[in-house]
Amino acid sequence: MNLSLQHLINKTNQSKIDYTDIKSKCVTFLNDQSGDCLINFIITVRGRLNFTESLWNHFEEARKTYAGRVCFTIVEHSEVPEHSKFYRKKQANYIFLNSKQGELFNKCLSYNLGVLFASPSKYYLFHDLDILMQKDFFPKVMESLADAKALQCYAKRRVLNCDINVTNAILK
């Protein structure tokens, strides 16, 4: 084995994440743990509380139009658990990982926590808080997965960005 590969292996081993320790520090309420989840819809978040209700409402409408079971998991990596109050009574999994002041938002770590600590699923769908979906979202995702093991969400599609006025109108 060459030295650069061995160096990379050593660095990787030194940087392993202790997820058991992280889980012990997380605040969680897992309200959707039935174990028969087909899709775990995972959102990571810091701030942006104004998008929470709209996303949830669009998710619920999309979930109603799909026969398969879809779970909702939100992972908040922040100094303050701003989203917990909204999700406490919802059929949703919520994970809060406290960050230190000035610590960068770790989206990858947050997605990992959603996969490892919430509903086990056949598929994991990583989504953004500020992207709303249409009612037929889940049937279209599953149709696209028919001949694939993974999807890249923007293949031949695009996200339509709205200006601030349109965004505020949608959020109201």
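For the pair Thr65 (side chain) and Lys135 (backbone), a donor-acceptor distance under 3.5 Å is present.
Among pairs with a residue in residues 97-115, those fulfilling side-chain hydrogen bond (donor to acceptor under 3.5 Å, both in side chains) read Tyr19-Asn112, Arg46-Ser99, Lys107-Asp128, at least two apart in sequence or across chains. Applying the salt bridge (Lys or Arg N to Asp or Glu O under 4.0 Å) test to residues at least two apart or on different chains, none of the pairs has a partner in residues 74-85.
For the residue pair Gln91 and Arg63, the shortest heavy atom distance occurs at O-NH2, 3.6 Å. Nearest heavy-atom pair, Ala118 versus Asn93, reported as atom, atom and distance to 0.1 Å: CB-ND2, 3.7 Å. Here the shortest heavy-atom pairing between Phe29 and Ser84 reads CZ-O, 3.4 Å. Between Pro81 and Tyr94 the shortest heavy-atom distance is CB-OH, 3.4 Å. The shortest heavy-atom contact between Leu30 and Phe117 is CD1-O, 3.2 Å. The nearest pair of heavy atoms linking Leu97 to Cys26 is CD1-SG, 4.0 Å.
Residues Ile131 and Leu55 form no side-chain contact, since every pair of their non-hydrogen atoms from C-beta on lies 4.5 Å or further apart. Ser54 has its side chain within reach of Leu132: a pair of non-hydrogen atoms, C-beta onward, lies under 4.5 Å apart. Side-chain atoms of Leu116 and Lys23, non-hydrogen and from C-beta on, never get closer than 4.5 Å to each other. The shortest side-chain heavy-atom distance between Ile17 and Ile22 falls under the 4.5 Å cut-off. Within the 4.5 Å cutoff, no side-chain heavy atoms of Asn57 are placed close to those of Glu60. Counting only heavy atoms from C-beta outward, the side chains of Val75 and Val45 never approach each other to under 4.5 Å. Proximity of His83 to Leu49: side-chain heavy atoms (C-beta onward) are separated by under 4.5 Å at one or more points.
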| Stepwise, does the side-chain contact (heavy atoms from CB on, under 4.5 Å) test hold for Val70 with Leu38? | CA-CA 6 Å; Val70 181; Leu38 180 64; over 6 Å; no

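Residues satisfying the side chain to side chain contact (heavy atoms under 4.5 Å, CB included) test with Arg48, not counting sequence neighbours, are Asn50, Phe51, Leu129, Asp130. Under the ring pair (Phe, Tyr, Trp, His ring centres under 6.0 Å) criterion, His77 pairs with no residue, sequence neighbours left out. Lys16 pairs by the side chain to side chain contact (heavy atoms under 4.5 Å, CB included) definition with Asn13, not counting sequence neighbours. Remark: Lys90 pairs with Trp56, Phe86, Tyr87, Ala92 by the side chain to side chain contact (heavy atoms under 4.5 Å, CB included) rule, at least two apart or across chains.
Atom NE2 in His127 sits 11.0 Å away from atom OG1 in Thr44 (nearest 0.5 Å). In this structure, SG in Cys71 is found 9.5 Å from CD1 in Ile39, a value given to the nearest 0.5 Å. Between Asp18 atom CG and Lys25 atom NZ the span is 8.0 Å, to the nearest 0.5 Å. The structure places OG1 of Thr12 at 9.5 Å from NE2 of His7, a figure rounded to the nearest 0.5 Å. With values rounded to the nearest 0.5 angstrom, Ile95 atom CD1 is found 10.5 Å from Ile74 atom CD1. Note that CG of Leu8 is 10.5 Å distant from NZ of Lys11, once rounded to the nearest 0.5 Å.
Residue Phe41 forms a ring-ring contact (aromatic ring centres under 6.0 Å, His included) with just one option from Tyr66, Tyr123, Phe72, and that option is Phe72.
Asn10 and Gln6 share a donor-acceptor pair across their side chains, judged by distance under 3.5 Å alone.
A salt bridge is defined here as a Lys NZ or Arg NE, NH1 or NH2 lying under 4.0 Å from an Asp or Glu carboxylate O, and Lys140 with Glu143 fails to meet this definition.
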